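Please read the structure below before turning to the comments.
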Amino acid sequence: MSILGDDWQSILDSGIYTNDLQTYSDEDSNLLPMQIDYVKEGDGVNSLNTVVKTEEAEQKLICATIEYTNNGDAALHNVLYNADLITLTEDDDGMIAIYDRSTLEEGDWDYATISRGYAMDYYTAGGEATNGSNYITDLSVGETVTVTVAWLVRVDEMPYLYLNMEGGSYLIYAEDLATGYVDFRSLEN
């Protein structure tokens, strides 16, 4: 966690993430594998959904340092920042789609469930500029505020990772396409 910089220690000291860290790491602060359940859907009347396969995937902590600059003509107040990861794949025809883990291999299941998605897990307090939250309190014209955000990711899905500055991780919206995605796939190595 120290790679997240000096602000990170104040977040750890606050106790906000203590439960997460205990759940996802061992007593030596090493990340534990994430559990993935493959589910066969029931009909809800005669049969229930059933886990037919379980596996584990290695996790990694990745982070991004992001600068927000007010290029407008007026000061901004209480600006929400919410960067999330999205997993995308491209088919042979160049069509981009949300990556679906359950299509990796054929099997007797309908979908895969994972204990957590790629929501913005951690963010630095950003000093007084963010008042300890993921809002930038005040951003004057021409001013830049730097924040650090981090996620726990599954190593085997790193070839599909993109950063979505609009904050969505499960759907592709027109706003996302207009802003664009940042290619995180190079983090694979």
Side-chain angles (χ1 to χ4, degrees), residues 1 3-4 11-12 15-64 80-123 134 149-177 179-189:
M1 295 297 191
I3 65 171
L4 297 177
I11 294 230
L12 288 179
I16 294 171
Y17 297 114
T18 302
N19 191 42
D20 280 352
L21 295 175
Q22 290 171 345
T23 302
Y24 300 114
S25 63
D26 64 18
E27 60 276 353
D28 295 324
S29 299
N30 298 312
L31 289 173
L32 297 170
M34 180 178 295
Q35 181 172 314
I36 303 164
D37 294 327
Y38 291 86
V39 179
K40 179 71 175 170
E41 291 181 314
D43 63 15
V45 176
N46 299 309
S47 61
L48 299 174
N49 291 359
T50 305
V51 174
V52 295
K53 176 182 173 182
T54 299
E55 65 182 18
E56 291 184 338
E58 181 184 356
Q59 294 186 90
K60 183 182 260 190
L61 175 74
I62 63 170
C63 65
L80 171 70
Y81 67 89
N82 187 22
D84 278 330
L85 297 179
I86 188 168
T87 51
L88 300 174
T89 187
E90 184 174 352
D91 67 16
D92 293 337
D93 297 326
M95 180 67 95
I96 302 293
I98 302 290
Y99 166 77
D100 180 0
R101 163 174 214 96
S102 60
T103 62
L104 279 177
E105 58 183 276
E106 298 217 10
D108 190 27
W109 57 78
D110 297 307
Y111 61 89
T113 63
I114 301 165
S115 55
R116 53 188 295 135
Y118 288 139
M120 187 173 68
D121 286 322
Y122 308 104
Y123 50 87
N134 64 326
V149 295
W151 304 264
L152 291 174
V153 300
R154 293 175 294 284
V155 172
D156 63 335
E157 291 190 357
M158 290 184 73
Y160 309 100
L161 288 181
Y162 291 82
L163 176 62
N164 182 3
M165 297 303 295
E166 295 292 325
S169 56
Y170 298 108
L171 297 171
I172 299 173
Y173 294 102
E175 296 86 4
D176 302 338
L177 295 173
T179 302
Y181 297 107
V182 177
D183 188 347
F184 262 32
R185 294 175 302 165
S186 62
L187 293 174
E188 187 175 3
N189 301 324

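As the structure is a computational prediction, the values presented were derived from the model and not from experiment.
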For this session: Mind checking the CD-CD spacing from Glu157 to Gln59? Nearest 0.5 Å is all I need.
Result: 11.0 Å
Exercise. Would Glu56 and Ile36 count as a side-chain contact (heavy atoms from CB on, under 4.5 Å) if you check the C-alpha gap in whole Å, the side-chain angles of each, and the deciding distance to 0.1 Å?
Worked result: CA-CA 6 Å; Glu56 291 184 338; Ile36 303 164; over 6 Å; no
Problem set entry | Nearest atoms (heavy-atom pairs only) where Ile62 meets Met158 | CG2-CE, 4.1 Å
For this session: Looking only at non-hydrogen atoms, find the nearest pair between Glu41 and Asp110 and report the distance.
Result: N-OD2, 2.6 Å
Problem set entry | Asp93 (side chain) donor-acceptor with Met95 (main chain) under 3.5 angstrom | no
For this session: With side-chain contact (heavy atoms from CB on, under 4.5 Å) as the test, would you mind laying out the steps for Tyr181 and Ile86 before giving the verdict?
Result: CA-CA 9 Å; Tyr181 297 107; Ile86 188 168; 3.8 Å; yes
For this session: Could you label the plane-to-plane angle of the Tyr38 and Trp109 rings as parallel, tilted or perpendicular, counting under 30° as parallel and over 60° as perpendicular?
Result: tilted
For this session: List the atom of Val153, the atom of Leu161, and the distance in Å for their closest heavy-atom pair.
Result: CG1-CD1, 4.0 Å
Exercise. Quick one: are Val39 and Val52 in side-chain contact, heavy atoms under 4.5 Å?
Worked result: no
Exercise. Of the non-hydrogen atoms in Asn49 and Gly42, which two are nearest, and what is the gap between them?
Worked result: OD1-N, 2.8 Å
Exercise. Is atom CD of Glu58 surrounded by more than 12 heavy atoms (other residues, nucleotides or ligands) closer than 6.0 Å?
Worked result: no
Problem set entry | Pairwise side-chain contact, Tyr160 with Thr89, heavy-atom cut-off 4.5 Å (strictly under) | yes
Exercise. Is the shortest heavy-atom distance from the side chain of Asp108 to the side chain of Lys53 under 4.5 Å?
Worked result: no
Exercise. Is a side-chain donor or acceptor of Thr50 paired with a backbone partner of Leu48 at a separation under 3.5 angstrom?
Worked result: yes
For this session: Enter the distance from Gln35:CD to Glu55:CD here, rounded to the nearest 0.5 Å.
Result: 10.0 Å
Exercise. For Thr113, does its backbone N or O pair with a side-chain atom of Asp37 as donor and acceptor, under 3.5 Å?
Worked result: no
For this session: Report yes or no: do Tyr162 and Asp84 form a side-chain donor-acceptor pair below 3.5 Å?
Result: no
Problem set entry | side-chain contact (heavy atoms from CB on, under 4.5 Å) between Leu163 and Leu85, worked out | CA-CA 5 Å; Leu163 176 62; Leu85 297 179; 4.2 Å; yes
